[in-house]
Each structure stands twice: as C-alpha cells, then as structure tokens.
Amino acid sequence: MRQIDDNYSPIQLEKDAKSFWEKARIYEKVKKAGEAGKPYYFVDGPPYTTGSIHIGTAWNKVLKDTVVRYRRMQGLNVRDQPGYDMHGLPIEVKVEQNLGIKSKKEIETQGIDKFVSTCRDYAIKFKSKMTEEFKMLGVWLDWENPYLTVEPSYVASVWWTLRQAYDKNLLSTDHRVLPWCPRCETALAEAEIEYWDETDPSIFVKFPVEGEQDTYFLVWTTTPWTIPGNLAAAVHPDFTYAVVAAKRGSSEELLIVLQEKVEDLRKIAGIDEIRIVETAKGSELAGMKYRHPLTDLVPYQQQAKGEHVHSILTADSVTTESTGIVHIAPGHGPEDFDIGKKHGLEAFSPVDEAGNYTADVGERYAGRNVREANPVIMKDLVEHGAMFHEATITHRYGHCWRCKKPIIYRITDQWFLKVTAFKDQIMAANEQVKWFPEWAGSNREKDWIQNARDWCISRQRYWGTPLPVWKCQCGNMRLVASIEELKTAKGYVEGMDVHRPWIDRLTFECDKCKKTMTRVPDVLDVWFDAGVCSWASLAYPATKDEFEKWWPTEWITEAHDQTRGWFYSQLVTGVLAFNRSPYKSVLMHGWALTPAGEAMSKSEGTAVDPVGIVNTLGADSLRLYLLKAIAPWDDLLFQQEGVKAANRTLNILWNVYKFATLYMSIDKFDPAGVRLESIKDDLRPDDRWMLSRVESLKKEVSEAMEVYELHRASRAIEDFVVSDLSRWYVKLVRDRLWKEGEDRDKLAAFKVLHESLLTSITLLAPITPHITEAMHANLNNGKPESVHMLPWPASDAKWIDAKLEEGMGLVREISEMVARVRQEANINLRWPVKRIVIKVQTPEVADALVNLKEALLSQNNIKELQFVPAGEEWDEMVLSVVPNPNAIGKVYRQWASKIAILLKNRPAKAIKAGIDKGEYSLGIEGQLVTIMPNMVSFSSTLPPDVASADFSKGTFYLDLEQTAALEAEGFSREVIRRVQQMRKDMKLDVEEFVKVEIQGGRKAEDFLEPWKDKISRETRARQLQLVDSPKGEYIVEWSIGSEPLVIAVTSLKVKKSLDTLTAVPGITPEKASKLVDGGYASVDSLKAASQEDFALVEGISKVDAKRIHEHFHPQEAPAPAPPPAPSPTPVQQAPAPAVQETSAPAPAQQPAPEPAPVQQAPAPTPPPAAPAPPEPVKVDFLAELKGLDGIDVPTAEKIFAAGFTTPELLKAAHVDELAKAAGISESSASKAVEHYIYEAPRAEGKPKPEIKPAPAVTELERSFSYLVEEEKPESSYKLFTTALEKGMKGYCITRNYPAKIRSKFDLKDTPVIWLSNVGRENAIRPKDLEKLSLALEQFLSQQGGGIVLLDGLEYLITNNNFITVLRLIQSLRDQVAINQSILLMAVNRSTLESHQLNLLEREVDYTITG
RNA sequence: GGGCCCAUAGCUUAGCUUGGUUGGAGCACCCGGCUGAUAACCGGGAGGUCACCGGUCCGAAUCCGGUUGGGCCCA
C-alpha cells in the first residue's frame, strides 16, 4: 500500500480515474463480467438534443447511473443503453431561429431537404455535446451505442406500433377542434401545451334577445376574435338567472345574467341603478333566441341555419364564473365543439394554419391575424351598441411549449389514437407498475389517465418520424409497417433517408384501383417516438432475440412532468402493442429549482451549469450532493453551498484514507493477508464497535437503495464516515498506530480501519465513482482491477452488537460533556484529569461503560473511572447539616444557637446516620439532648475541585484536582505538541528521526525528566537533552503557561537510508532503525560497508547482512560508478534579511495607482436631472443587503446602520473599517464588499485578460503581473527560475518550508520569505499583510526591479479575507508596473470561489494555466 | 376551478407511518479549543409561533378539517 501525500484534489483525481477507465477498458470489463447475471433491463428516457445539459438533466442521469451501478454490483446483467430524442418541434424551432426562418412558407421555399438536413446536423451536434457532458459527470451508460429516434430501425419500430393501432381499429382520422400553434402551424397534443399568465381582454357582450326591445343576454369572453364564430350561448340548467333593469345615465336596459352576479355587475360597469325584474332557472331560458351582434359584418351569420342556431342551450359545464352565460363557437373550442355537435351546429372555423381569418369570415376581418383582430372586433361591438363593458384580465393561458406563443383552437383533420377506447386497459396496466413513491402512480398518473382524451398524433411539420400512410383518390389507404415494406414502394432507393422530403416522393400502386397512392405529408408527435423506445431500441420486431431476452423494462426514472409525457406515452403504446406496461417500476423524481424555488431558466440566467460545477468542485461532490440533499421525489432547491459541503465530506473521507495509508504503508500492512477471523481475539471493544457499525451500515444502505431512497443511503454513509469513522474511530486508534514495532493490537486496528474504509468506498462506489476508484486502487492493491467490480456487500449480522453501539453512544455523549466541563474549567485536553465518577441509572449502563472504559479514559485524558451503583449517592459528596432553629428553639430554647453551632461542627455523616435511625444525641453542658428529624435537614454539595454534569443515563463527577504528577504529564504533552509542530514546520517526513535540545526553568526540568522516554518516542527523537543553550537546525522560543522554554530540533536525515534498507527483503523497519543507530545513517555509508560490518550490528543476522550487501552490490552488475557527490544542503542558511532598516526609499512621491480618468473638460451642461428621492433607494438597498448570500439579516442591518447605504459606499469600503464600524465579523464584511465588487464590475475597468496556455509563456515581460493557475506551483517556479537564470533579481514568498523550496528549485541566494506563524527572522505571519507589503515594496523599489513569486495566496486569503488580499494585490500590481518588475502569483483554482478567481484574473495582465 | 406534492432556525433539512420528558443536524453567525489526517477538525453559544385557523385527545410538529403560500400536472 502506498502512502498518500496529496490532498484531495477532485479535478485531477477524476481526470485520472476517467483515463484509467478508458485505458483499461474498465466499463467494458465490468459489463462483460455481469453478462452471466440475471438480465436487468434499464431504459434511459431520451432527452431532447437541443442544448447543453442543466442541473435537472444532470440529476436525472446521476440517479440513473447510481442505480445502474448498484444493480451491477448486485450481480445483475444490466442493459444500459442511453437514448436521444432527436426529432420534433423542439429542434425545428431551434433551427428556425438559427436560420432566421419565420414561417413554414419560408421553409418550403428554401427547401425542406435543406431544412431537414440542418435539423439532423443540429441534433447530432447536441447529441455529441450532451454525451460528453454526461461522461464528465462520471455517468456510465453505453455511450458507444445509444438509441437514436432518427435511425431507420427505430423509425420502423414506430411504424410497426402504429400498425398495431391501425389493425386494432384504434387509429382514426377526425375533424376536430384542437389546440393549434399559429407560429409553428401545427396541431399540438395536450402534452405540448404550457400554461402561464397572459393578459387578455375581458369583455361583456350584449346579445339582443329576439323579439324584445333593449333586452340582452350578457355574455362574457376573453377571446373577442371568437365572436364571429359564435353560434349559440349556453346556461347552466340549474342556476338561477335574473332579468335586471340597469340604468346608466339616462338610458335603461334589461340584462339577463346569473342572479348571484348582479351585485358584481353594478360595481364593474358603473351602473347607477339596478333592480331585479324577475328570475328564472337556466332550464327555463333554454330555446330562447338572440340576434348575433355582428350579423351585418359576418355574412355566414346571416346564412347559418339550424334549429339551435343563435339560441340558448343548456350545459352542465357552465360555471358560475362571470355572467354565467357562455358564448359557444363550435369551431374555436373543444367543449363548444362537443356542445355544437350535440345540437347540430356547424363547426364554423374561419381561421387558417397561420392563425389568420379566412375569407369565410367576410371582408371585414378576412386576412387578419385573429389575436390582432381583437381590438377591431371590440371596436365594432362598441359601434354596434353590443359592448356592455370592457376590461382586461390576467389569467392562465395555453402556449406552445416550444415556441412559447399563445395557442388558438381551430378545426382540422388530424390522426388520433383512440385512447378513450382502451383507457381501462391503460389503467389496469398502470396498476401493475410499482411506483416510487407510491402516490406517483396511484394518484398522479392515475389521475392523468382518467382525464386522458384521444391522442392527436399527427403534426403538420417536417422533422419527425413520417406518418407511414399512403392514400389513394379512391379512398384506399395503406399503412407501411417496416422498412422491408417500404422497399416495395416506387422510387425507393437502397439506403435512402426515410425522412421527409425524400419519403414524400415514394408512391405505391393502389391495389384496388391501380392508381397512384401518395403519402399523407404529416409527421408523428415526438412523444409517440419516445413512447416506443423500450422495444424500438431493441429493433423489435425486425429482430426478436433481444426483445425476448430483455423486455419489459425493469426500472425507469424521470421527473414528475413526465406523468403526462414519457410515463404516459410508454403506457399507452405498451398497452397498444403488448397489452401491458413496458416498465415494471418507476422512480419519479423532482425538478431542480433555483434557491428561491423557481424553475431554472437559461434566458433569465438562473440556470446552473453542471459542467462549471464539475470543473471546480468535482463530479463526485456534485453527485453526492444531488443524491443526499433531498428525497428524489421532492423538488431540489439547488445550492452551490451544498456541493461544497459534499466536497468537504469527501475530503474527510480522503483524510481518513490518507491517515490510514500513512501507517499502513510504513508497516507494510497487507489487508489480504489478515483475515478478520484470525485476529478475532485481538479485537478491542473499540474495534468490535466499529465492526458492528460497519455491518449495520451495510444493512441500512442496502435497505434504502432497494426502495430508491438514495438520500437515506448517502446520508447514512456520510454520517458513518464523518461521525463514526473520522471523528471517533480514528481518534480511538491513533495511539495504537503510532506505536512502533509489530503488534497484534496494531494489526487488529489496521484491519478494522481497512475494513471500514473498504466498506465506505464499496457502498459509495455507485454514488461517487471516481474517488472510490482512486482509493480502491491503493487500498485493495488493485484487486479486483476496479472498485466497480466489487460485489455489493451483504451485511453480516454476527458482528452487529446493538448493545455495544449503544454503549459507545454513551461514551461519546459523556466525552462531549467532559469537553464542555473542561472548557468551563479552562483545562485543555492535554492536561490529564484525576478521575471520573459515574452515577448510573441502571446497572446495565455501568456494564456497558466498563467494557469501554479504556476508550472513555483515553479519549478524555482521565486517569481513573469509578461508578456509583444505581440508586445510590456518591459517598464523597459533602454532606452538610442545616439546623432548623425554629424546631430546635421550641424544645431547647436557650441552647438553640449553641446546638446549631455544635451540629455544624459534627461530621454530617454521623448525624445523618443517627437521624436515619430516628434520632441523634448530642451532649451539651453535661446534658444529653436529642435531635429529632424535624430539627435538621441535610444538603449535599460537590467536593472541591469537582464538576458534575448529567447525561442521558446518569450523572458524572469529574475530579479536577491537580497533582504534581499530573502536572508533569500535562507539561510533557505540551512539549510533545510543540516539538511536533516544529517537525511539521520543517516539513519532516513522519518517519524521520530528530535530535531535540530543550532549555527550560527548574520546574520544567523536574517535570520533563520522568517523561523523557515518552517524549522521545512520540517525537521520534533519537536524542533528547536538557541543555543550557539549545542548538540546532530550527530553534523556537515557547512558553507553556508561565514557563519559558526553548526547543531546538535537528533532523537526523536518516529517512532515505531507512527507506533503502526496508526495501531489502527481510529487513523490517525495526532492523533498519537498528542499522541506522549503528552508524549507517546515509545511503553512502551503506554502500561502503561490507557484509561483515552489517553483521556486527546488534539484531542483524548474517543472512540479513548478506542480503543488505547484495542489495547494494548486485553480483553481475559492474562496479558501481562513484556516487555523485552528495550535495550537503546547508539547511539553515539564513537568507539576507528581507526588511532592511536602513535606506528606506522616500515614500513621498508614490505615484497614484491607475490615474483616474476624470475629465475636467468643459462639459456640456448636464441635463437637468430630476434628483431621485433618496429614501426609497436606501430602503431598497437594505432589502438587497438582507438578501445577499452569507449575510444574515442582523448583519445587513448593522452594515446599513453604520452608514454604508449605497452599493458604491460598500464597494469602496475597507473590510476592517467596515467590520469595525458595523460591529460585524471580518468575514461578513469581506463577503459584503466582495459581492459588490463582483456584482458591479467597473464599466470602465479592464476587460478580462487573455488566458494563455502553460508552455506558451517562456518570456515574462517586465511591468506585468501574471496569475498562474495550477494545482501545484510548478510552472510558476519554473518561470521564476528561468527569469533568475537570465539575471533578474528574485524574491520568493511561500507557504512552504523555505529550505525545502530552496533546494528543490535551486534558488541559491534568492531571498525566500516564509509565510508562517513561527516567529523567525525570515518569516512573516500570514496575518501581517503590512509587513509583507512593506518587504515587497522595498524589494521592488530597488534598482532595476526584479521578479516576485507569491506562492501561498490561498493561505493569505484564509488568514485574512479575500478583499483585503485583493487590495494588496492591486497595490503590488501597480508597484510592479511602476518599477519595471514582474509579479508571478501561483494559485490553485479549486481552492477559490469562481467569482474570486474572476476578480483575481481581472487584476493581472495575464493568466497562465499550468 | 380540479388532482398530486410541499411548508420545521437566516438558508438547506431530520423527525410525521405508530401523538408522549428538553424538536435533532449541516451551512452561515459569535466565542473557545485541538494540531503528525491539519488550507482539516472539535466544543460551546445564539437562533424555532414546527405556515395559519380550528378540531380530536390528559397530551399534537406528528392525526382530522379548513385557510394561505409554493411546485408539478390538468381545466
């Protein structure tokens, strides 16, 4: 197992994982391995190929991918073909936009072939683009073989299905009123209509009652353009209508309306006086006649004949809305059509495809667009005295879901699937489907099916599956059901495109009259295409084997809008063709909405680009977030913050892994070589607890996955990793792993740790496929080749121990409270505490805790554990007697006060013992007095130095008394910590040995003496001395409490030698250490020594010695060349002090950065701008502040109250000033300012600089600033050293240990400033930006300028805040420009927010990507 | 207007099936701590009218009815 040094950097990791999959053909292998399993048919709901993917699409595919991967791990043979819906209006509309085409006519004049070809190209282009994007998400579907709805085999399956309908007499042509898009000039299915608010006229029209004077039916409509088509009016038979006399000014008229609306009428129309003359039931009005108000303008209205023309009809569908009298235009509404049909009214529909009136309507309106004719008709109504009242209304109105234009209803001939004829079968089929969640099927889908109407499947368009129908003049019809059949057509050319317009040219000879049959030009609704995908993708019926093997689909998942879409179209076509649902189970998922809960919209800029997220935080983080954030069936309010949180979780997992591999690799732990069974007896309770958790987790996750509750599954894993593994188990085992030498106890910990990690990554593999792959490769030594080849783990109940889990829960609960008590008492965890006494509620609690005693004590640094049995009090509680003077006084009068004093001085315990028996006797002045229970009471208090707290199953007492021994131990731990800190500052390898010298006061020496061994062991100090003046490579003055302490640490540099030695077979780390101690501390000395020399070292056998020698002197190898001269790196070599106290340059004429382009030219007199009232603006800004991300309401109010009342003021604010003035934290202040700098980019500011690829810049130009974006600062150092070689003076600021950097990049005498909190000469504290900027200023102002490399921006940002650092960079950049110098800044993209990166990029002249 | 779903801290959410001590987390905020997993992590604090109204019940975030608001689907 390899030791992992890298931090979790998802971008690189995921790139590597993907290239591994590709190179090793992992996907193919995993699939192949599954072939033996039971078939599991998954089918992908095909997305339209109309653009890039959005978060919703990403979520959809991640759900699919996760489940598919899970099923594979279960050993199923999963068919995972993705699909694309490439036909249809969605694409036609896009292509029309691209080509600038506005109407069908233009398409036809430019050529259908050209249009269709463009559609195809467009669809293919986006198919490829979307595929790439899905791959970036780590989605494993069979991308090489997607099903495409445009392919001939697919088209043939569609035709075959249609043929089934035809043969079953479920396909018909009909003359009906349908939703119609006047822009696209086609009929629309119900599923293709979107509703949203539209403002329309709302008019009340007077229909004069035949044979009466000034009497009218009052009819209400929002579509004036349908009035010319009016043929009747309808009332509800049961409603009560009123004839009212309405007086406006001097005129009075009689109106017939719904009685309950009379009052409303008065209000809306400004009627002066209104009274009800009489009332009547709707049914009584039936049969009354009226005169059409526009008879003279619409000739048809004069000719219209029929019993019910222009008469009052009754209909139950009439509502109490408005006047309760509905105008009926049978040609303009489906319900009107039905009513008209019932009453023998003609469906007069004088509107053409483009939504213009035809000549039938009469000269007045012919040729006008119907919606645009509204005002004309309204005017005519007014002029005809027929307009009672006009207003506008905002109501939900249908729109074409592709071009977004309002729909109209008109009558046309269309092809229908007679869904209503087999609705019962569809309902029955739906009942066989298992829906997740259950109500999606039993309520939603069911409801939709119940309301379903016949499905109009024909479209008058171009890019779609052609309707395979040929017709003859004689009425004969032919429905082609396969490509084979099509081949018999006249004009068929082998391999021809079966789309329009080519297919239009094919003809058949009529088998009845021998004339030529020609194709009906319509294409099919795309929903029909998608509906048949489960067999069309199997090329059924052209080939049958595949179908028999797979069909029907086991599981599908799509969003809830597919209730009317794909869920439905599949059900209908499935029942049509096979009389069953094509899918067995469905997961209905939600929609991704904006954080405000609105639908994401690209045009409004509220859509989130998943690719951008993948590129900054990684696909795994996005996937984990999408799955864990919410139950799949709820809507997701997408928050980028959530993705970051997921990223943090993965980082924790990675850190546990890093931690584990560190020790496992040192000890060469081989997980495969240790079976759990074989170390069973070495397991501590801690380990058994962890194993129990592992098995419980497997169970929990499997159960959740099985019912597609992916949120529960992922949350359970996350909780396990973060809470159980990272926060607890790792803490428990840390000391065991740190121990040197072989040890079964350590082995047990390794095994359990490994098992926990392994389980985590196995369960996570379907969710986060990349990070788990990377970890698997190392943890399992690449066996099997990929984590995705592992079987799904079964839970082994024998390891589950609920009691133990409960007990550990208590330990953790108590530990938390101990931490709290320590905090209150100001005793940190390094200082041991004498004992804890736990009073338990039940004996079981004590049993549970005593088993976990070690964990409890070690985790809390407590020396001893004691219990107080259930039901008893702790006997060390200090009991005190409280005399009751009243009761005593009554009996003993003058002695009362004396008795009280005596009682207080006696041992309270003895008194209590007596009282408990009934009484207590006391001698006073030779008399014996008896104290009765009513004379005293007792109280118990905590002994000194004891704190207590209650936990859920009892109370504990923490004895905080310090003794010299405890203090010494605490002190030693403080020293250990400091040495460790120094080792880390020096970037020493964990295995490296050191020499430590310490100087402290008398007390320190006394304290440390007994702990020397422990300190040496913990810090890997081969020598540890208490001296007067410590010397060494790295010296730091510390103080512990009030004790000053100087520590010097020197690296012994034997790591290399150790590594070399342990590479020799048979040489354990222990033996290697012995050799090093025996003088072989360098590789050179190893090479120089003989076999015999080695054998002299204690603990080294002759065999070992031989092996070592052979290792360095392979027999057949020629004498090794003399080793290159060892380069003794002068480590402590202090660079020239960065800050010189002399010759500071005169700061007097510092040129102002970026001279402000203020024009003082004689400007034309400004237009007299009306001064805006300031108040509302301010208030708006406060509201805006409150709405900012990361700013809570009180903070916003504080900022505002502090006087930052405009965006400009805030933008210009200094973060620290703002923080101080407003009394808020710096990070809040930074966020506020950041927002405004970012949100309001200076209009006059520089455009975003050019981004150059890495190797292109070899020559840096003076006076320029560069930002180098790379994961590790390598290119930047390369650029830096190149400049140095050319003789430039350099100045390097880094977060890394300077000596390391200096030798790694061979920086010679270039000053290296260390960003560190260690107080050293050439170090600058990361918070001390002033010192940093001063140092840089001095360097830059030197003669000739130079090059500055700033490596550690992220560190500066985390220690200060972004805006402050940005301002520093701005000033640096300006100075660089003035002083002919160069500024290089290295930054790791993934550590910054994208807008922060933008801001940085904006400040520099060039951005280089490394 | 109808069907379905949703409403819990500033934000995202758990708990609701089966009513029961003090409604849990995460983020953000404030204070503190830890330090060989560490640009990580931990503890504490503050923050809740469980949308609203009514009902059932000894007891309601939870069950029932209604209202309001949001999402999806329809009319």
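We name chains A, B, ... by the order of the sequence lines, and we start the count at 1 in each one. Heavy atoms only: backbone and side chains are in, while hydrogens, waters and symmetry mates are out.
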Take A:Asp561 and A:Trp439, find for each the nucleotide of RNA chain B with the closest heavy atom, and name the residue whose nucleotide sits nearer the 5' end.
A:Trp439

Parallel, tilted or perpendicular: which one describes the rings of A:His711 and A:Trp633, with boundaries at 30° and 60°?
perpendicular

Should the side chain of A:Arg977 and the base of B:C34 be counted as holding a donor-acceptor pair, with the cut-off at 3.5 Å?
no

Applying a 3.5 Å limit to both distances, which nucleotide forms a Watson-Crick or G-U wobble pair with B:A7?
B:U68

Euclidean distance for P, B:C64 against B:A25 (whole angstrom)
28 Å

To the nearest Å, give me how far apart CD1 (A:Ile630) and C1' (B:A14) are.
12 Å

What's the gap between B:C4 and B:G45 when it is taken at their P atoms, as a whole Å value?
44 Å

Between A:Tyr663 and A:Phe669, does the ring centre distance come in under 6.0 Å?
no

Touch check for A:Arg978, heavy atoms < 4.0 angstrom, all strands: base, sugar-phosphate only, or nothing?
nothing

Sticking with atom C1', work out how far B:C29 lies from B:A46, rounded to a whole angstrom.
9 Å

State which of B:C74, B:A40, B:U38 makes the closest approach to the side chain of A:Trp448.
B:C74

Any salt bridge between A:Glu718 and A:Lys628, counting N to O under 4.0 Å?
yes

Most 5' of A:Phe659 and A:Glu335 on RNA chain B, judged by nearest nucleotide
A:Phe659

Check this one for me: any side-chain N or O of A:Tyr8 less than 4.0 Å away from OP1 or OP2 of B:A40?
no

Taking the C1' atom in each of B:U21 and B:U12, what is the distance between them to the nearest angstrom?
29 Å

Using the P atom as the point on both nucleotides, what is the distance between B:G3 and B:C11, in whole Å?
30 Å

Work out how far the C1' atom of B:A28 is from that of B:C73, and round it to whole angstrom.
36 Å

Rounded to the Å, how far apart are A:Trp654 CH2 and B:A39 P?
15 Å

Heavy-atom donor-acceptor pair, A:Arg734 side-chain to B:A37 base, under 3.5 Å:
yes

Winner on side-chain proximity to A:Lys658, out of B:U38, B:A37, B:G3, is B:U38

Can you tell me, in whole Å, how much space there is between the C1' of B:A60 and that of B:G54?
13 Å

Taking atom P in both B:A14 and B:G59, what distance in whole Å separates the two?
29 Å

